[in-house]
Amino acid sequence: MLAHGQTVIQYVERLAPKSLAMEGDKIGLHVGTLQKKVKKVMIALDVLESVVDEAIAEGVDLIVAHHAVIFRPLKHIRTDMAAGRVYEKLIKHDIAVYTAHTNLDIAAGGMNDWLAEAIGLIGVDVLDVTQRDAWKKLVVFVPATHRDAVFTAVSEAGAGHVGNYSHCSFQTEGTGTFVPGDGTTPFIGAQGKLEKVEEVRIEMVVPASRQSAVVKAMLAAHPYEEVAYDIIPLEQSGTTYGLGRIGSLPEPMTLREMAELVKERFSLKGVRVVGDLDATVKKVAVVGGDGSSYVSKAIFKGADVFLTGDIGYHVAHDAQADGLSIIDAGHNIEKIMKEKLASFLQQQLKENGYETEVIASLLHTDPFQFV
């Protein structure tokens, strides 16, 4: 069974909800349609003409990219120019393009967590908080015969996650009563007759960002025509989201050693380094893309070194004056998302019985090289 395009994207957005994206970010469907069956998905960092040619050769129906294929407003689509040829090939070969950018950067278990993991950081926290997901509590009353079905459905939709624990709930048994009125088609009982049913009260915490999906799953699994449930706001805040990560190396090392580590872990021929190469570093801030706006945050949080994908000349001077070392590894270190997202998406599809194949683009799209 092949997955529908929209189904594929639902799994992507389970990892990186669109609500996490920074304001104005060009995320979502850029080209084509998701209203079709998808045989093969390709994960790419950039959607260049060479990447589109690769997708065509591989028989891809959907590209999920990190960087937008349409970033600036289009003034024209000229097929005798490079950008126009990209759109022409995508449309002619019915290849859709979906972009997950800052929502993937910010997501827990997304881009910046992958980067932090790649260099072995421990005690990792968010560098710059952008939002906190409010907690709510779902309370639903279910006939005892459907306890497991409803519990499983809402758990898989995102309810009941507390820290590293999943399927967290409190369940109590009791008696539910109701009288089906005119025009009803009750699952249990008959019109006009008081019915008493053994029911289970299920209570589970729900992140506000998952409320809609959880309620939808609950209603689909629940047998009743009219479902009795409550959504209760809670004082506690849930997961903290934000751009960048900060953590510590397992053991201190010199800036030179860390630069070599970064080159090794991201298969780089070189990096730009700001700071004393013999200085000892331990606390590390990480931002995958352009990190110029996060230097002050890295300093404020006590980072010894800032690993990023882009840094400006004058920003580097300011950081150096403030005692912050920098490793500019290039924007292309975000290529780590190709294998990571492909693996995540393939697992989700396989676990749900879909035969849709997910591959990672093999092309190197970094425009810079060391000579």
Side-chain angles (χ1 to χ4, degrees), residues 2-22 24-107 110-111 114 288-289 331-332 334-346 348-349 354 356-367:
L2 296 179
H4 201 264
Q6 191 61 55
T7 301
V8 174
I9 297 307
Q10 284 176 357
Y11 293 131
V12 174
E13 292 178 357
R14 181 174 294 179
L15 171 65
K18 293 174 74 173
S19 60
L20 295 181
M22 300 294 285
D25 192 19
K26 307 298 190 298
I27 64 167
L29 183 65
H30 280 209
V31 178
T33 179
L34 297 175
Q35 305 304 316
K36 62 179 182 179
K37 296 287 187 179
V38 175
K39 183 178 181 180
K40 186 179 288 189
V41 182
M42 186 169 78
I43 309 299
L45 179 60
D46 306 290
V47 186
L48 308 181
E49 186 173 6
S50 57
V51 174
V52 175
D53 289 339
E54 179 188 18
I56 293 169
E58 290 287 346
V60 166
D61 305 296
L62 170 63
I63 297 173
V64 177
H66 187 50
H67 295 143
V69 65
I70 302 176
F71 182 71
R72 302 176 184 87
L74 292 176
K75 296 181 179 179
H76 49 65
I77 300 179
R78 290 184 50 179
T79 57
D80 60 338
M81 300 180 71
R85 289 197 302 272
V86 170
Y87 306 132
E88 178 187 27
K89 289 180 178 181
L90 288 169
I91 292 169
K92 279 186 175 180
H93 292 272
D94 194 22
I95 300 173
V97 177
Y98 177 94
T99 298
H101 188 220
T102 54
N103 50 325
L104 185 61
D105 290 334
I106 291 170
M111 177 70 79
W114 294 331
H331 211 119
N332 199 252
E334 292 184 322
K335 65 190 177 186
I336 195 172
M337 59 81 60
K338 294 190 292 183
E339 290 290 347
K340 291 290 189 179
L341 185 55
S343 176
F344 167 83
L345 188 54
Q346 187 69 82
Q348 293 294 312
L349 290 166
Y354 294 110
T356 298
E357 182 182 358
V358 184
I359 63 172
S361 171
L362 298 178
L363 292 186
H364 184 62
T365 56
D366 192 346

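Treat the numbers as computed from the prediction; the structure is a model and nothing was measured.
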Is the shortest heavy-atom distance from the side chain of [X] to the side chain of [Y] under 4.5 Å?
| X | Y | result |
| --- | --- | --- |
| Met111 | Ile336 | yes |
| Ile359 | Val60 | yes |
| Trp114 | Glu339 | no |
| Met42 | Val51 | yes |
| Ile43 | Val358 | yes |
| Val86 | Val31 | no |
| His364 | Asn332 | yes |
| Tyr87 | Ile70 | yes |

* **Non-neighbouring partners of Gln6 that pass side-chain hydrogen bond (donor to acceptor under 3.5 Å, both in side chains), sequence neighbours left out** => none

Would you say [X]'s side chain and [Y]'s backbone share a donor-acceptor pair under 3.5 angstrom?
| X | Y | value |
| --- | --- | --- |
| Lys36 | Asp94 | yes |
| Glu334 | Leu45 | no |
| Asn103 | His101 | yes |
| Gln346 | Thr356 | yes |

Spatial distance of atom [atom1] ([X]) from atom [atom2] ([Y]) [nearest 0.5 Å]:
| X | Y | atom1 | atom2 | result |
| --- | --- | --- | --- | --- |
| Phe71 | His30 | CZ | NE2 | 10.0 Å |
| Leu62 | Thr33 | CG | OG1 | 10.5 Å |
| Leu34 | Tyr98 | CG | OH | 8.5 Å |
| Asp46 | Lys338 | CG | NZ | 8.5 Å |
| His66 | Thr365 | NE2 | OG1 | 11.0 Å |
| Glu58 | Lys39 | CD | NZ | 11.5 Å |

Of all the heavy-atom pairs spanning [X] and [Y], show the shortest one and how long it is.
| X | Y | result |
| --- | --- | --- |
| Tyr354 | Tyr11 | CE1-OH, 3.6 Å |
| Ala68 | Lys26 | CB-O, 3.8 Å |
| Met22 | Thr102 | N-OG1, 2.9 Å |
| Ala16 | Ala107 | CA-CB, 4.0 Å |
| Ser50 | Leu363 | O-CD1, 3.1 Å |
| Leu29 | Ala96 | CD1-CB, 4.2 Å |

* **All salt bridge (charged side-chain N to carboxylate O under 4.0 Å, His left out) counterparts of Lys340, not counting sequence neighbours** => Glu117

* Got a sec, which residues hit salt bridge (charged side-chain N to carboxylate O under 4.0 Å, His left out) with Lys18, two or more places apart in sequence or on another chain? -> none

* To do: Could you point out which residue of Thr99, Ile95, Val97 forms a side-chain contact (heavy atoms from CB on, under 4.5 Å) with Val47?
  => Val97

